[in-house]
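Quick notes on the structure that follows.
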Amino acid sequence: MKSFGFFKWEKIRKKREFLEITNNGKKIHTRHFIIYLRSNRDKRLGITVSHLVGNAVKRNRVKRLIREFFRLNKERLPRCDILIVAKKGAPLLNYQNVYGELSGVLLDK
RNA sequence: UAAAGUAGGCGAAUGGUCGCUCACCAUCUGGUGAGAGGAAAGUCCGGGCUCCAUAGGGCAGGGUGCUGGGUAACGCCCAGUAAGGGUGACCUUAGGAAAGUGCCACAGAAAAUAGACCGCCAGCGGCCCUAUUUCAUAGGGUGCGGGCAAGGGUGAAAAGGUGAGGUAAGGGCUCACCGCCCAGGUGGUGACACCUGGGGCACGGCAAACCCCACCCGGAGCAAGACCAAGCAGAGGGCGAGUGGCCCGCUCAAUGCCCUCGGGUAGGUCGCAAGAGGCGGGAGGUAACUUCCGUCCCAGAGGAAUGACCAUUACCCUUUAGGGAGUGAUCCCUAGGGGGAACAGAACUCGGCUUAUGACCUACUUUAACUC
RNA sequence: GUGGGUGUAGCUCAGCGGUCAGAGCACUGGGCUGUGGCCCCAGGUGUCGAGGGUUCAAAUCCCUCCACCCACC
């Protein structure tokens, strides 16, 4: 299981699922993100970046950085659905900042 | 050299590791190829395409507005005309106010049928004052009915302007020049320009106020629309008329249309990437553009791909050291450190417009200053 | 994708071509009171979202842009 890929079945794609996780999941705040967790057989990722975060370029960049984090650290993540919501300052971060902020909360030692 | 004007360009490159989307080949491990923009943006216009409606006409409603051309079309582009701005290169603006209605605050005498506050002018009548030693004459003030619109003052705007003659004072009252109006001619497809003659002059501004004139516009949008698969359950009421603004007209009489309640599904394929396409060249045209030949195939997602990290080399800024030019401010070269690199992400598609955009570059032109 | 709305004083809103843009609340100062509130008097307050244009004159009319909000499929 060496794959660092990010496949379609690892994405949360249905609006219904997003709502279920927001309502029933465990909620964690960090400086630039809100993270919802709900235990599941597979590890899956959903990302929400609203228009309040910035324009399309900034929103895409935030999503790509979060996907990169998921992909590279998949081995150490817990077995659950992860939903990450970006807050306002998020476009100013680079990958190092994102890693620093998310690893402390999500990764096993 | 500096400051401007116009037209345009570029929107870092290369390599490595780990990834994403699509196509093809292999086949369960992979390999090869392709993969954001000049604005992809805002959604301000106009087309293509699809469905619905449609004999045709009228009235609403909306849009455009100097002239000619270009175009699939446009509110866009090109060429010109006039007016205004700028020393200039250049830029900006554009139907009709003698069809009608309406508005023009404040100030001012008066604001669109002109009018007469101060004023100017002569006449008439009485009274008062002054001067000339009485009569009387002259001057001034006041009153009455007239003439005038030069001057004053108000305003954004005061009913042609300047000068001369003339007059009781004045006035296009007359004349010259300028402006305006009318008629004719010439040139131009035309906007318009020029010339000749006539008229003393009539016509304030606002249509981004209503409006008039000319031309254009059927409606909705790829969640259009077509097919496949899965699934369910229909019931009640209304319309006699319906026709996606209205009317006439026209057509139909149903398996039609509308409303309410209830039930089911929200999956896949196509549309969906060869186009008013790009590049190079020839021909026509002042140009926009058209046409012919050759050549190329260049994103296609669907909680939505085109990325992350590292290295090197260019570019710009700053700083340190060394060297060079110069009296100097400063500039150039070499080496090193630090920093910066904009605006922004395709969603059916094309033509424009508008707005955002760091640093840099190119061409032509103008104006200043200096040198030869 | 389509259609619509809002932006005016610190806040909530009027005003829709013509004096120096108003009202309520709030704020400041004074009076009243031993003190505070209530009450009374006086006062400050604005690039009318931004930039152009039309007009003698624009918050108002016309363009372009910005921000926010709503509705429908």
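What you see is a predicted model; the values in this text were computed from it and never measured. Lettering follows sequence order; numbering is per chain, from 1.
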Taking only Watson-Crick and G-U wobble pairs with both distances under 3.5 Å, what dot-bracket line describes RNA chain C, where [ ] shows pairs that cross earlier ones and | shows pairs with another strand? (((((((..((((....[...)))).(((((.......))))).....(((((..]....)))))))))))).
Side chain of [X] (C-beta onward), nearest among [options]:
X: A:Arg64; options: B:G307, B:A308, B:G303; answer: B:G307
X: A:Arg71; options: B:A308, B:G19, B:G345; answer: B:G19
X: A:Leu72; options: B:A346, B:G307, B:C18; answer: B:C18
X: A:Glu68; options: B:G307, B:C309, B:G303; answer: B:G307

Considering heavy-atom distances to RNA chain B, does A:Asn94 or A:Asn55 have its closest nucleotide positioned more toward the 5' end?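 That would be A:Asn94.
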Would you kindly compare A:Arg13 and A:Lys58 by the position of their nearest RNA chain B nucleotide and give the one closer to the 5′ end? A:Arg13
Which base, if any, makes a Watson-Crick or G-U wobble pair with [N], both distances under 3.5 Å?
N: B:G263; value: none
N: B:G68; value: B:C78
N: B:C175; value: B:G163

Separation of A:Phe7 atom CZ from B:C18 atom P, in whole Å?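 After rounding, the gap between these two atoms is 14 Å.
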Per-pair stack call A:Phe18 and B:G303, 5.5 Å, 30°: yes
Under the rule syn = chi within 90° of 0, otherwise anti, which is C:U8? anti
With a 4.0 Å limit, can you tell me whether [X] has a side-chain N or O closer than that to the phosphate oxygens OP1/OP2 of [N]?
X: A:Arg61; N: B:A308; value: yes
X: A:Lys8; N: B:A305; value: no
X: A:Arg67; N: B:A304; value: yes

Applying a 4.0 Å non-hydrogen cut-off, can you work out what A:Asn60 is touching in the nucleic acid: base, sugar-phosphate, or nothing? base
Expected rows: protein N/O vs nucleotides 68-73 of chain C N/O, under 3.5 Å:
none

